[in-house]
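The block underneath contains the structure these notes are about, expressed in structure tokens.
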Amino acid sequence: MVDVRSLLGSLASTRTVTDAVDMGEVILGDQDYLFLEPVVFEVTLTNTGGGIVADGTARAQVRTQCVRCLCDFSVGLVAPVEGFYVMPGREEEVPPEQEFGLIVDGVRVDLEPAIRQAAILELPFAPLHDAECLGICPVCGTDRNVDPCDCPPQTVPTPFSALEGLVAPEQEG
Ligand SMILES: [Zn+2]
Ligand SMILES: [Zn+2]
């Protein structure tokens with residue numbers, strides 16, 4: 001919680017806040033992401049008259065699994081943080097498409113939800129430990145990054161492959 005009383009009195013006044021939020025583990029579908037340390041953020045709060053705008057950056061180190069070879073690896077995230085906070089009772093002045101939070105008790109802003117949302121939105125959807133990851137061989141199960149095997153490349157059977165032998169070659173002329 002950030003005390004914003006010093007901002008509320010004067011239009012366009014700003015305050016920069018630096019802090020950290022503990023995220024622990026986040027699971028999205030089959031993928032899990034372990035935040036190795038608290039998410040550190042630097043956010044500038046500005047009194048725009050209609051409310052308080054938050055704008056800044058959050059940074060995190062996350063451990064997750066490569067979707068191709070399933071190895072654990074860590075990745076750094078840099079997430080843009082945005083927020084907008086209004087005084088209780090002035091909610092109806094906010095345009096309908098604008099997301100906002102309330103200034104708690106009219107004196108404090110809770111940045112934590114905005115930091116969490118920013119960090120989650122920045123998580124890689126299908127993480128690769130390396131863009132060139134060779135993955136696991138579907139035939140012998142070897143991690144091809146460690147030991148490139150000699151298995152033939154797998155062809156995916158289609159409903160048409162069974163018909164291939166039945167089709168007579170076209171006659172010319
Ligand atoms: Zn990999
Ligand atoms: Zn193989």
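As the structure is a computational prediction, the values presented were derived from the model and not from experiment. Values reported hereafter were calculated over all heavy atoms of this structure, with side chains retained and with hydrogens, waters and symmetry mates removed.
- Annotation for Ser13 and Ser10: closest pair OG-O, 2.8 Å, computed over non-hydrogen atoms.
- Linking Ile, Leu, Val, Met, Phe, Trp and Tyr residues whenever their side-chain heavy atoms come within less than 4.5 Å places Leu77 and Leu28 in a single cluster.
- Contacts classified as side-chain hydrogen bond (donor to acceptor under 3.5 Å, both in side chains) and involving residues 89-100 (residues at least two apart or in different chains) are given here: Arg90-Glu93.
- Around the CG atom of Asp30, the shell of radius 6.0 Å holds no more than 12 heavy atoms that belong to other residues, nucleotides or ligands.
- Considering every non-hydrogen atom in both Ala114 and Tyr85, the closest pair reads CB-OH, 3.6 Å.
- Looking at Phe84 and Ile52, their side chains never come closer than 4.5 Å, going by heavy atoms from C-beta outward.
- Look at Arg144 and Asp147 and you find no salt bridge, because none of the NZ, NE, NH1 or NH2 atoms lies under 4.0 Å from a carboxylate O.
- Open room surrounds CD on Glu132; 12 or fewer heavy atoms of other groups in view lie less than 6.0 Å from it.
- The minimum heavy-atom distance linking Asp143 with Cys69 is given by the pair OD1-CB, 4.1 Å.
- Ala118 and Val81 get closest at one heavy-atom pair: CB-CG2, 3.9 Å.
- Pairing each heavy atom of Pro88 with each of Leu102, the nearest pair is CA-CD2, 4.2 Å.
- Taking 4.5 Å as the limit, every side-chain heavy atom of Pro127 sits out of range of all side-chain heavy atoms of Gln65.
- One distance of note links CD of Glu42 with CG of Asp19; it measures 11.5 Å at 0.5 Å rounding.
- Residue pairs meeting the side-chain hydrogen bond (donor to acceptor under 3.5 Å, both in side chains) criterion with at least one partner in residues 44-64, sequence neighbours excluded, are Thr16-Thr44, Gln31-Thr64.
- Minimum heavy-atom separation, Gly50 to Val86: O-CG1, 3.6 Å.
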